[in-house]
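Data block below; observations after.
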There are 2 protein chains.
Amino acid sequence: MALEHAILVSLLEKPGSGYELARRFERSIGYFWTATHQQIYRVLKRMEGDGWIDVREVPQQGRPDKKEYSVAALGRTVLSRWLHEPIEPESVRHDLAVKIRGAAFDDPVALIGEVERHQRAHADRLTHYLAGQLRDFTGPDAPTAQDAGQELQHAVLRGGIAYERMMLAWLDDVLATLHGLRPEH
Amino acid sequence: MALEHAILVSLLEKPGSGYELARRFERSIGYFWTATHQQIYRVLKRMEGDGWIDVREVPQQGRPDKKEYSVAALGRTVLSRWLHEPIEPESVRHDLAVKIRGAAFDDPVALIGEVERHQRAHADRLTHYLAGQLRDFTGPDAPTAQDAGQELQHAVLRGGIAYERMMLAWLDDVLATLHGLRPEH
DNA sequence: CTTGTCTATGCAACGAGTTGCATAGGAGGA
DNA sequence: TCCTCCTATGCAACTCGTTGCATAGACAAG
């Protein structure tokens with residue numbers, strides 16, 4: 001499992017509270033690893049108990065105090081060990097693909113709206129990624145000399161962009177197939 | 001959750017035993033939905049209890065008897081209802097992306113072997129998909145006039161092919177980035 | 001003749017992930 | 001003033017998914 005490791009990476013990039021992590025998991029990290037705040041708080045507690053991360057109570061004004069977590073020496077060791085051991089290529093789970101194959105036994109045309117909805121969602125994500133790329137990496141305000149961390153973050157973001165573009169093209173293909181089915185129906 | 005639905009679709013395409021389903025989930029269905037035999041047997045039992053599927057004991061020679069499952073009327077209804085309700089675009093989980101961002105805090109060069117390993121795995125899958133496409137859809141032995149089911153299965157397979165090609169190109173990109181980091185290290 | 005693989009089914013325990021709910025102060029709008 | 005949203009943390013219950021193990025006959029290779 002990699003939620004612990006995703007949290008370690010995120011805290012190395014920048015220390016933060018469970019709440020802040022939850023928000024990052026809705027944004028940048030969430031592009032390739034999702035988690036809810038309940039899950040994050042639970043895992044943070046365990047990681048703290050295991051000595052992977054340190055806590056610091058940060059009093060705040062006008063809002064509740066927060067616990068800021070940062071990676072401890074042991075956490076770095078654990079992450080390093082994980083980085084050096086091979087992992088299996090991810091197993092995919094695509095509800096939509098199940099639906100598309102299932103549509104053969106129902107009304108395929110009824111699926112068109114759903115596919116278009118997904119296409120819009122992917123188009124939105126793509127727009128969002130491209131804006132992020134312009135802001136952080138390729139735009140005029142982006143830092144010119146980039147360190148390893150930025151180079152790698154950019155590489156991951158390019159992966160997200162490639163994924164969304166692929167999905168948009170494929171969903172176009174699926175729509176064409178669904179429309180092509182119409183006459184014989 | 002969609003394991004039930006994936007099983008219903010698979011059983012509609014062709015009735016079969018838990019064992020056969022488990023093998024299909026290593027092959028065609030497994031391209032977009034993974035499940036182990038333990039999971040499948042457990043869910044089949046529940047689905048049978050709920051009246052979604054029917055069982056038929058099939059005695060065999062030279063090998064253990066099997067229970068052949070097929071979709072009951074209620075199962076069809078359940079599937080149809082699911083097909084008509086909207087689902088959220090999948091949440092992705094990419095261990096490798098976590099590793100790539102994590103590599104900035106360790107030795108990025110050490111990741112090259114791992115990325116190449118993943119690339120080989122994706123190349124193998126692509127080869128496998130392309131062989132399947134040739135066999136079932138575009139080759140000389142493929143049926144000429146295809147029904148809706150085949151058209152849709154082919155569309156899903158094209159999605160798998162597009163995905164693997166995208167991954168191969170992206171992993172090339174990642175490798176180039178990792179190599180580009182070398183000098184400054 | 002033993003070892004290993006294939007078909008075929010399943011239990012038990014555990015770990016991961018989701019859903020619902022709860023608390024609580026401050027800010028802003030109707 | 002009340003209602004809602006935002007920050008911030010967390011528990012409890014449940015479902016989903018993984019891992020390890022067990023059984024058992026048939027067949028092939030060494």
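Every chain is numbered from 1 and lettered A, B, ... according to where its sequence line falls, protein lines coming before strand lines. Basis for what follows: all heavy atoms, side chains included, without hydrogens, waters or symmetry-related copies.
For Gln60(B) and dA24(D), the CD to C1' distance is 14 Å, given to the nearest whole Å. Protein atom OH of Tyr41(B) is 18 Å distant from nucleotide atom P of dT19(D), rounded to whole Å.
Toward the 5' end of DNA chain C, the nearer of the two residues Thr34(A) and His37(A), judged by each one's closest nucleotide, is Thr34(A). Taking for each of Leu3(A) and Arg42(B) the nucleotide of DNA chain C with the nearest heavy atom, the 5'-most of the two is the partner of Arg42(B).
Applying the salt bridge (charged side-chain N to carboxylate O under 4.0 Å, His left out) criterion to Glu68(B), with sequence neighbours excluded, gives Arg56(B). Residues passing the side chain to side chain donor-acceptor pair (under 3.5 Å) test with Tyr19(A): none are found, sequence neighbours excluded. By the side chain to side chain donor-acceptor pair (under 3.5 Å) test, Ser28(A) is found to be paired with no residue, residues two or more places apart in sequence or in another chain being considered. With sequence neighbours excluded, the residues that form a side chain to side chain donor-acceptor pair (under 3.5 Å) with Ser80(B) are Asp106(A). Residues that satisfy the side-chain contact (heavy atoms from CB on, under 4.5 Å) test with Asp172(A), not counting sequence neighbours, are Gln119(A). Every residue two or more places apart in sequence or in another chain was checked for a side chain to side chain donor-acceptor pair (under 3.5 Å) with Thr77(B), and none qualifies. Applying the side-chain contact (heavy atoms from CB on, under 4.5 Å) rule to Asp65(A) yields the partners Pro59(A); only residues at least two apart in sequence or on another chain are considered.
In this structure, Lys66(B) pairs ionically with Glu20(B), as a charged nitrogen and a carboxylate oxygen lie closer than 4.0 Å. Ion pairing between Asp141(A) and Arg135(A) fails under the 4.0 Å rule for side-chain N and carboxylate O.
Within the structure, the salt bridge (charged side-chain N to carboxylate O under 4.0 Å, His left out) test picks out the following pairs touching residues 32-49 of chain A (sequence neighbours left out): Glu4(A)-Arg46(A). For residues 117-133 of chain B, the set of pairs meeting the salt bridge (charged side-chain N to carboxylate O under 4.0 Å, His left out) definition, not counting sequence neighbours, comprises Glu114(B)-Arg117(B), Arg125(B)-Glu164(B).
Note that the first and last nucleotides of DNA chain C, 5' to 3', having any atom under 4.0 angstrom from a heavy atom of chain A are dA16(C) to dG26(C).
The stretch residues 17-31 of chain B touches DNA chain C through Ser17(B), Gly18(B), Tyr19(B), Arg23(B), each having a heavy atom under 4.0 angstrom from the strand.
Using a 4.0 Å heavy-atom cutoff across all strands shown, Gln38(B) reaches at least one base atom of the nucleic acid.
Between its two ends, the helix from dC1(C)-dG30(D) to dA30(C)-dT1(D) turns its axis by 20°, counting five pairs per end and rounding to 10 degrees.
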